[in-house]
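For reference, the structure discussed in these notes is given below.
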Amino acid sequence: VSDPWVEQISGTTNNINCLENSGRSDTAVTYGAGDNGTVIRSQDQGFTWSVMNTNVTGKLNSVEFIGTDLNNVIAVGNSGLIILTTNGGSNWSIVNSGVTKNLNSVYSLNSFITLIAGDDGTFLRSSDGGLNWENRSLSDTTADLNKIGQMGSWFFGPILGMVADNGTLYRTTNFLFWDSIATGTDEDLYELKFKNANSGYVTGDNGTIRYTTDGGTNWYSDLFLSSL
């Protein structure tokens with residue numbers, strides 16, 4: 001049986017910590033970001049990659065397209081690092097985050113509103129496409145906030161979730177205030193994926209997988225899933 005995975009040449013030996021695809025059927029642009037300020041870009045569905053010159057050396061943890069314009073891309077990393085391009089990666093600018101905490105995840109709602117999650121409850125919000133940032137860090141936790149993702153939608157728009165250390169999930173419908181939800185585990189969580197507003201997964205340390213069918217009110221283990 002042939003190997004379905006084919007190794008590609010990234011153009012760098014630095015660690016690549018994240019990937020983000022435009023998610024559009026009419027384009028094949030993908031960005032990766034990683035250690036030592038590394039940003040790579042593919043314009044052909046990942047077959048070939050180019051290394052972008054960011055002029056930074058910090059560790060980058062998350063990269064995201066801002067809105068629908070593929071020229072606007074943001075990457076965030078350790079020690080409050082934010083870099084932004086508005087010309088498809090040709091030039092990158094450092095943006096003042098106002099914080100020194102590690103920034104772990106960036107999520108764009110549209111061309112204006114962009115959100116960042118970071119260590120020790122750090123949460124930042126931009127209303128101008130990432131140029132300026134408001135510190136709206138969570139006052140009820142010092143846990144690391146590890147990933148922002150969509151948990152489906154309701155009448156007024158998307159429902160967002162944010163997974164954190166100690167098995168906590170935060171949920172919001174207004175992108176300003178977050179409700180804390182226990183997932184039934186104390187393990188640190190790093191990823192969330194939802195099919196709709198009811199059904200989704202969170203994953204974390206030590207092989208943790210938790211599943212909900214009611215929007216996060218009740219959570220089940222992978223052992224429960226195997227019995228279905």
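Residues: numbered from 1 along the sequence shown.
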Q: Return each pair, listed once, that meets ring-ring contact (aromatic ring centres under 6.0 Å, His included) where at least one residue sits in residues 159-189; pairs must be two or more places apart or across chains.
A: F123-W178
Q: In sequence, state the C-alpha distance, the side-chain angles, and the governing distance for K147 and Y190, and then conclude on side-chain contact (heavy atoms from CB on, under 4.5 Å).
A: CA-CA 6 Å; K147 183 68 178 287; Y190 299 104; 5.9 Å; no
Q) If you measure only the distance, is there a donor-acceptor pair under 3.5 Å linking the side chains of N206 and T208? A) no
Q.
Can a side-chain donor-acceptor contact be found between N146 and D188 if the only test is distance below 3.5 angstrom?
A. no
Q) What are the two closest non-hydrogen atoms of A143 and T141, and how far apart are they? A) N-OG1, 2.9 Å
Q: Taking N15 for its side chain and N17 for its backbone only, find out whether a donor-acceptor pair lies under 3.5 Å.
A: no
Q: Decide yes or no on ring pair (Phe, Tyr, Trp, His ring centres under 6.0 Å) for Y201 and F194, but give the supporting numbers first.
A: CA-CA 6 Å; Y201 300 84; F194 274 70; 8.4 Å; no
Q: Mind running side-chain contact (heavy atoms from CB on, under 4.5 Å) on R136 and L176 for me, showing each step along the way?
A: CA-CA 8 Å; R136 299 190 62 88; L176 292 172; 3.7 Å; yes
Q: Measure across T217 and D214 and return the closest heavy-atom pair with its distance rounded to 0.1 Å.
A: N-OD1, 3.1 Å
Q.
Between T30 and N21, does the side-chain hydrogen bond (donor to acceptor under 3.5 Å, both in side chains) criterion hold? Intermediate values first, please.
A. CA-CA 4 Å; T30 304; N21 183 267; 2.8 Å; yes
Q: State, without any angle test, whether T213 and N198 hold a side-chain donor-acceptor pair at a distance under 3.5 Å.
A: no
(Q) What I'd like to find out is whether the side chain of R125 reaches to under 4.5 Å of the side chain of T114, using heavy atoms alone. (A) no
Q.
Give me the atom names and distance for the closest heavy-atom approach of F47 to Q8.
A. O-OE1, 2.9 Å
Q) What are the two closest heavy atoms between S42 and T48, and how far apart are they? A) OG-O, 2.9 Å
Q: Answer with yes or no whether the hydrophobic clustering places F156 together with M151; edges join I, L, V, M, F, W, Y residues whose side-chain heavy atoms lie under 4.5 Å apart.
A: yes
Q.
Let's go through L189 and T183 carefully: what are the C-alpha distance in whole Å and the side-chain angles of both, what is the deciding distance for side-chain contact (heavy atoms from CB on, under 4.5 Å) to 0.1 Å, and is it a yes or a no?
A. CA-CA 10 Å; L189 301 175; T183 62; 3.8 Å; yes
Q: Applying side-chain contact (heavy atoms from CB on, under 4.5 Å), run through D186 and N166 and close with a yes or a no.
A: CA-CA 4 Å; D186 293 326; N166 306 316; 5.6 Å; no
Residues 103-113 side chain polar contacts: donor-acceptor under 3.5 Å, at least two apart:
from, atom 1, to, atom 2, distance (Å)
N104, ND2, D119, OD1, 2.9
N104, ND2, L145, O, 2.9
S105, OG, I148, N, 3.0
Y107, OH, Q150, OE1, 3.1
S108, OG, G67, N, 3.1
S108, OG, N110, O, 2.9
N110, OD1, F112, N, 2.8
N110, OD1, I113, N, 2.7

Q.
According to a hydrophobic-cluster definition based on side-chain heavy atoms being under 4.5 Å apart (Ile, Leu, Val, Met, Phe, Trp, Tyr only), do L115 and I159 belong together?
A. no
Q: Kindly give the heavy-atom pair with the smallest separation between M52 and W92, and that separation in Å.
A: CB-NE1, 3.8 Å
Q) Donor-acceptor pair, N135 side chain versus S137 backbone, under 3.5 Å? A) yes
**Q.** Other residues, nucleotides, ligands: >12 heavy atoms within 6.0 Å of I9 CD1
**A.** no
Q: Return yes if some donor-acceptor pair links the side-chain N/O of N14 with the main-chain N/O of T38 below 3.5 Å, else return no.
A: no
Q) Where is the tightest heavy-atom contact between W133 and L124, given as atom of each residue plus distance? A) CE3-CB, 3.7 Å
Side-chain donor/acceptor pairs under 3.5 Å, residues 76-86, sequence neighbours excluded:
from, atom 1, to, atom 2, distance (Å)
N78, OD1, N61, ND2, 2.9
T85, OG1, N87, N, 3.3
T85, OG1, N87, OD1, 2.9
T85, OG1, G89, N, 3.0
T85, OG1, N91, O, 2.8

(Q) Keeping R210 on the side-chain end and G204 on the backbone end, is there a donor-acceptor pair under 3.5 Å? (A) no
**Q.** Proximity of Y220 and Y211 rings by center, below 6.0 Å
**A.** no
(Q) Determine whether T172 and N174 satisfy the following criterion, side-chain hydrogen bond (donor to acceptor under 3.5 Å, both in side chains), listing intermediate values before the conclusion. (A) CA-CA 6 Å; T172 183; N174 60 21; 3.0 Å; yes
